[in-house]
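For this chain, numbers begin at 1 and follow the sequence in order.
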Amino acid sequence: MRTIAELEAIARERMEPAHYDYYAGGSGDEATLRANEEEFRRRVLVPRVLRGVGKRDLAVEIAGSPLSMPVLVCPTAFHRLAHSDGELATAQATAEAGTVFVCSMASTTAVEDVAKVADVLWFQLYVQSDREFTESVISRAENAGARALVVTADSAVRGRREREHRHAFHDLPPGLAAENMRDSTGRVRDIEMPAGLTWDDLIWLRNTTKMPVLLKGVVHPEDARRAVEAGIDGIFVSNHGGRQLDGAISSLAALPAIVSVVDGQVPLILDGGVRSGADVVKALALGADAVGVGRPVLWGLAAAGQEGVAEVLERLREETDTALGLCGARTPGELTADLVR
């Protein structure tokens, strides 16, 4: 089984440079992109012994959805840039792994088609200024069988990504489109990231769907508190993979303060910088209920399609199980903050 770094190297060789840099790059000088991984390396595990761990059980439940392990696949755009099978390959591998696939609003495969091969499907949404169209997208996801809605809130202004400007990569190649942005006429709309969204819009959205709603892009504890008050069903502690505000706090560094404020009222999912099972265990010990991975899945997809995604997820499962047992825990819920320094 190849490492994630080895899969990334293969992916880089096989992909168009502009497409690789679209996935790999962050905003500005990419300080936050680097910090997401560096924060995991800076912290170490302090394992316990003689705890009688026996057989471990990695299964968790988040917002009513079962996961065979505390790792889910985060929403990432345009999977067909990595492989011709795109989101279908990713969703199939994720289903075989028994965990959640979060379909991006910017998917190059329609959510209805993804749902045919996915098992536990969530849908990621950018709220559009046209509420009628936003409602139609939510209805599409609901009717397809999505079990939760993940609302990305950290994109009021689009981060400047130098790698994309260097390649003049501002649109998809011919034949590819953001299929979830097709309206009733068949036209593909541009994805808006309206700067005027407020907490009132989130409350409107909460009342628009029966699906659990999770808020993605929270790093400030006050926003976590307000999200809980607004009736949110879960929070993604995330800085958008370092792709929005360069110089922002890393996801892992933001986690403890949010854990303190939320105090177990809703599940917390951390994404940004997770590259190993040891990283998963560090995040769980510090209070996350699960983690999300994005780029590693894309590297697996570009390197070997569905098999590559399966390889990434199986490696994370095995490494998480090993780290869990060596830290003296049988389940994710037995991990505690004193195991991390």
>> Would you say that L121 contacts V111 through its side chain, given a criterion of any heavy-atom pair below 4.5 Å between the two side chains?
In response: yes
> Taking only residues at least two apart or on different chains, which pairs with a member in residues 13-46 satisfy ring pair (Phe, Tyr, Trp, His ring centres under 6.0 Å)?
Replying inline: H19-F169, Y20-W299, Y22-F78, Y22-F169
> To which residues is L88 joined in a hydrophobic cluster, defined by side-chain heavy-atom contacts under 4.5 Å among Ile, Leu, Val, Met, Phe, Trp and Tyr, whether direct or through other members?
Replying inline: V117
>> If you count every heavy atom of other residues, nucleotides or ligands that lies below 6.0 Å from E307 atom CD, does the total exceed 12?
In response: no
> Just by modelled atom types, is the P75 backbone N or O under 3.5 Å from a matching donor or acceptor in the Q124 side chain?
Replying inline: no
>> For D85, is there an ion pair with R80 - N to carboxylate O distance below 4.0 angstrom?
In response: no
> Step by step, would you call Q92 with V309 a side chain to side chain contact (heavy atoms under 4.5 Å, CB included)?
Replying inline: CA-CA 9 Å; Q92 284 178 306; V309 176; over 6 Å; no
>> According to side chain to side chain contact (heavy atoms under 4.5 Å, CB included), who are the partners of S129, at least two apart in sequence or on a separate chain?
In response: E192, P194
> Can you list every pair that meets ring pair (Phe, Tyr, Trp, His ring centres under 6.0 Å) and has a residue in residues 202-237, with sequence neighbours left out?
Replying inline: none
>> Taking salt bridge (charged side-chain N to carboxylate O under 4.0 Å, His left out) as the definition, give me every residue that meets it alongside E334, ordered by chain and number, with sequence neighbours left out.
In response: R330
>> The criterion is salt bridge (charged side-chain N to carboxylate O under 4.0 Å, His left out); which residues satisfy it with R56, sequence neighbours excluded?
In response: D321
>> Tell me every residue that passes side chain to side chain contact (heavy atoms under 4.5 Å, CB included) with E179, counting only those two or more places apart in sequence or in another chain.
In response: A110, A177, R182
> Charged N to carboxylate O under 4.0 angstrom, R160 versus D246?
Replying inline: no
>> Just so I know, are the side chains of D223 and V218 near enough to count as touching, which here means a heavy-atom distance under 4.5 Å?
In response: yes
>> Closer than 3.5 angstrom, by distance alone: can the side chain of Q128 be matched with the main-chain N or O of F133 as a donor-acceptor pair?
In response: no
> Who are the side-chain hydrogen bond (donor to acceptor under 3.5 Å, both in side chains) partners of R51, not counting sequence neighbours?
Replying inline: none
>> Under 4.0 Å between a side-chain nitrogen and a carboxylate oxygen: does that hold for R275 and D279?
In response: no
> Hey, are E229 and R225 close enough for a salt bridge, meaning a charged N less than 4.0 Å from a carboxylate O?
Replying inline: yes
> What pairs with E96 under side chain to side chain contact (heavy atoms under 4.5 Å, CB included), at least two apart in sequence or on another chain?
Replying inline: Q306
> Residues two or more places apart in sequence or in another chain: which of them pass salt bridge (charged side-chain N to carboxylate O under 4.0 Å, His left out) with R41?
Replying inline: E37
> If we only count heavy atoms from C-beta on, is the V266 to I232 side-chain gap below 4.5 Å?
Replying inline: no
> Between D154 and N239, does any side-chain donor sit less than 3.5 Å from a side-chain acceptor?
Replying inline: no
Show me the donor-acceptor pairs, under 3.5 Å and distance only, between side chains in residues 9-18 and residues at least two apart or in other chains.
residue	atom	partner	partner atom	Å
R14	NH1	A303	O	2.2

> Near D183 CG, under 6.0 Å, is it more than 12 heavy atoms from other residues, nucleotides or ligands?
Replying inline: yes
> Can you name the residues that form a salt bridge (charged side-chain N to carboxylate O under 4.0 Å, His left out) with R163, not counting sequence neighbours?
Replying inline: D21, E30
> Would one find more than 12 heavy atoms of other residues, nucleotides or ligands at under 6.0 Å from atom CZ of R187?
Replying inline: yes
> Taking atom types as modelled, is there a side-chain donor on S250 or E38 under 3.5 Å from an acceptor on the other?
Replying inline: no
> Charged N to carboxylate O below 4.0 Å: is that the case for E39 and R42?
Replying inline: yes
